[in-house]
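Below is one structure, written out as structure tokens, with a few remarks after it.
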Amino acid sequence: MVDVALDEIERVTRAALVRHGAAGWVADCVADAVRKAESVGNRICGLYYLESYCRQLETGRVRGDAEPVVTRPRPGVVEVDAKFGFAQPAFARGLSQALEAARECGVASLAVGHAHTCTSLGYFTEQIARAGLIGLGLTNASPIVAPPGGKTRVIGTNPIAFSVPDGQGGIAMQFDQSTTTVALGKITMAKAAGEPIPEGWAVDAEGRPTTDPEAALAGSLVSVGGYKGWGFGLMAELLAAGMTGGVVSRDVKPLKAPDGPPHDLGQYYLVMDPEVSGVFFERLAQVGAGVALDGDSGARMPGQGKRPADPVALDESVWAQVRGLAGLD
């Protein structure tokens, strides 16, 4: 292992992206997201994706010079056409108008369409919350989930993220989770490491529970909570595709494949002004106090207690690969 400062992770990530065809401002946005993911130990959404980003920039599967187009067809609706570029710069271009619309209307939607995978949804909803508003985000992904009792893949892991401001510029609570028992990346990482997966994460191609990651990748992941998680996954599917113009999960090709059509995914956000009711922060404090009653047991609001690490401990081979992508070796 090697300890690497967050500033260095961001700098080298940016250099790798620019070297493979990303515009400077686009690379800034993506590198910031990678930095954030690594700082909180979200390795699946951090440097794990960098090689894929670079290869897809080279092949044109993601457009590194795309200029997102922002429109506001209704007072409470902000739409961003990512033009088959990265999701991070597209969100950045639309965020200020979405915040303005939510403050004006009480609630607004921010629909990012025709984008590359956004990796960590919480990265985006956190920005909404740090601006003092409540953020709910949903997206879809390549098909890996069959209906409970079925075996045909219909939807992706379809994550949902929710971030709440504390009224003082910070985050009161935040969760960012797939609607499956586990994220797909944990299966692929287990396969790469030659390790089994816990029973209950996935079923094989015949719908039978499996602990073999290879069989899981040929089969289906399991929705968290069975039918309950399946419902949330479908909700994310309909909003992420239907409200943005992105494709449904069945039409999303493998996200990390170097070649192929653009991801063409959608990310859908609801932005809510907590001041509308006049009592939101009072109720937030009451709920937080209730959670704290069992504080000795480790009970906490989601996201509380997370502290970004700096430096970050990285596998030496991973850091060597990143530096190689940046042309630094």
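Positions are given from 1, in the same order as the sequence printed here.
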Run the side-chain contact (heavy atoms from CB on, under 4.5 Å) test on Thr179 and Ile160 for me, step by step, so that the C-alpha distance in whole Å, both residues' side-chain angles and the decisive distance to 0.1 Å come before the verdict.
CA-CA 7 Å; Thr179 52; Ile160 298 173; 3.9 Å; yes

Answer yes or no: is there a side-chain heavy-atom contact under 4.5 Å between Arg11 and Leu328?
yes

Taking the hydrophobic residues Ile, Leu, Val, Met, Phe, Trp and Tyr, and joining any pair whose side-chain heavy atoms are under 4.5 Å apart, which ones share a cluster with Leu95?
Val70, Val78, Val80, Phe91, Leu99, Leu110, Val112, Leu121, Tyr123, Phe124, Ile128, Leu133, Tyr269, Val271

Side chains of Glu38 and Leu314 in contact at under 4.5 Å (non-hydrogen atoms):
yes

Closest heavy-atom contact between Ala131 and Arg103?
O-NH2, 2.8 Å

Do Leu50 and Leu325 have side chains that approach each other closer than 4.5 Å (heavy atoms only, starting at C-beta)?
yes

Please give the remaining members of the hydrophobic cluster of Val222, linking ILVMFWY side chains under 4.5 Å, ordered by chain and number.
Val203

If you measure from CG on Leu136 to CD1 on Ile134, what distance do you get to the nearest 0.5 Å?
10.0 Å

Going by chain and number, the hydrophobic cluster around Val40 (ILVMFWY, side chain to side chain under 4.5 Å) further includes none

Do Val252 and Leu234 share a hydrophobic cluster, counting only Ile, Leu, Val, Met, Phe, Trp and Tyr and linking them when any side-chain heavy atoms are less than 4.5 Å apart?
no

Would you call Leu255 and Leu265 a side-chain contact if the rule is heavy atoms closer than 4.5 Å?
yes

Under the side-chain contact (heavy atoms from CB on, under 4.5 Å) criterion, do Met189 and Glu195 qualify, and how do the steps go?
CA-CA 9 Å; Met189 291 175 80; Glu195 299 172 351; over 6 Å; no

Flag the pair Val4 / Val312 as yes when at least one side-chain heavy-atom distance between them is below 4.5 Å, and no otherwise.
no

Rounded to the nearest 0.5 Å, how far apart are CG of Asp310 and CG of Leu6?
3.5 Å

State, without any angle test, whether Asp212 and Thr210 hold a side-chain donor-acceptor pair at a distance under 3.5 Å.
no

Please report the interatomic distance CZ(Phe162) to CG(Asp176), rounded to the nearest 0.5 Å.
13.0 Å

Can you list the other members of the hydrophobic cluster that holds Ile171, where links are side-chain heavy atoms under 4.5 angstrom apart?
none

What pairs meet the salt bridge (Lys or Arg N to Asp or Glu O under 4.0 Å) rule with one or both residues in residues 181-191, with sequence neighbours excluded?
none

If you take all heavy atoms of Ala108 and Ala101, which pair is closest and at what distance?
CB-CB, 3.7 Å

Taking it one step at a time, do Gln56 and His116 satisfy side-chain contact (heavy atoms from CB on, under 4.5 Å)?
CA-CA 10 Å; Gln56 291 177 7; His116 196 265; 2.6 Å; yes

Measure across Asn158 and Ala141 and return the closest heavy-atom pair with its distance rounded to 0.1 Å.
OD1-N, 3.3 Å

Taking Met243 as the starting point, is it possible to reach Val107 by hopping between hydrophobic residues whose side chains are less than 4.5 Å apart?
yes

Side-chain atoms of residues 146-157: list all donor-acceptor pairs with protein atoms under 3.5 Å, sequence neighbours left out, distances to 0.1 Å.
residue, atom, partner, partner atom, Å
Arg153, NE, Gly219, O, 2.7
Arg153, NH2, Leu217, O, 2.2
Arg153, NH2, Gly219, O, 3.1

Which heavy-atom pair separates Gly122 from Ala161 by the least distance, and what is that distance?
N-CB, 3.7 Å

Would you kindly say whether Glu237 and Ser249 are connected by a side-chain donor-acceptor distance under 3.5 Å?
yes

Do Asp7 and Arg35 have side chains that get closer than 4.5 Å, going by heavy atoms?
yes

For residues Lys253 and Pro261, determine if any side-chain heavy atom of one lies less than 4.5 Å from a side-chain heavy atom of the other.
yes

Atom pair CG (Asp28) and CG (Leu17), whose distance is rounded to the nearest 0.5 Å
9.5 Å

May I have the step-by-step check of side-chain contact (heavy atoms from CB on, under 4.5 Å) for Ile9 and Trp319, ending in yes or no?
CA-CA 9 Å; Ile9 288 174; Trp319 186 235; 4.2 Å; yes

Gap between atom CZ of Arg74 and atom OG of Ser109 - 0.5 Å precision
9.5 Å

Examine Tyr53 together with His20 and report whether their ring centres are nearer than 6.0 Å.
no

When you check the gap from the basic side-chain N to the acidic O, do Asp32 and Arg14 get nearer than 4.0 Å?
no

Interatomic spacing from OG1 in Thr71 to CD in Gln97 - rounded to 0.5 Å
8.5 Å

Donor-acceptor contact below 3.5 Å, side chain Arg61 vs main chain Ala257
yes

Single-linkage hydrophobic cluster Val18~Trp25, side-chain heavy atoms < 4.5 angstrom:
no

To check you understand the geometry: which heavy-atom pair defines the closest contact between Thr125 and Gly137, and what is its length?
CG2-N, 3.6 Å

What closest approach, in Å, do Glu316 and Met1 show between heavy atoms, and which atom pair accounts for it?
OE2-O, 3.6 Å

Could you check whether any side-chain N or O of Ser52 sits under 3.5 Å from a backbone N or O of Pro258, counting only pairs where one atom can act as donor and the other as acceptor?
no

Considering only NZ, NE, NH1 and NH2 on the basic side and carboxylate oxygens on the acidic side, decide whether Glu104 and Arg72 come within less than 4.0 Å.
yes

May I ask whether Val248 and Trp230 are part of the same hydrophobic cluster, defined by side-chain heavy atoms of I, L, V, M, F, W, Y residues being less than 4.5 angstrom apart, directly or through others?
no

Given the rule that I, L, V, M, F, W and Y join up when any side-chain heavy atoms are under 4.5 Å apart, are Tyr268 and Met272 in one cluster?
yes

Hey, does the side chain of Asn42 reach the backbone of Lys36 with a donor-acceptor pair shorter than 3.5 angstrom?
no

Enclosure of Lys83 NZ (heavy-atom neighbours >12, cutoff 6.0 Å):
no

Are Thr180 and Trp201 packed together at the side-chain level, in the sense that at least one heavy-atom pair is separated by less than 4.5 angstrom?
no

Would you find more than 12 non-hydrogen atoms of other residues, nucleotides or ligands less than 6.0 Å from Glu214 atom CD?
no

Around atom OH of Tyr48, are there more than 12 heavy atoms from other residues, nucleotides or ligands closer than 6.0 Å?
yes

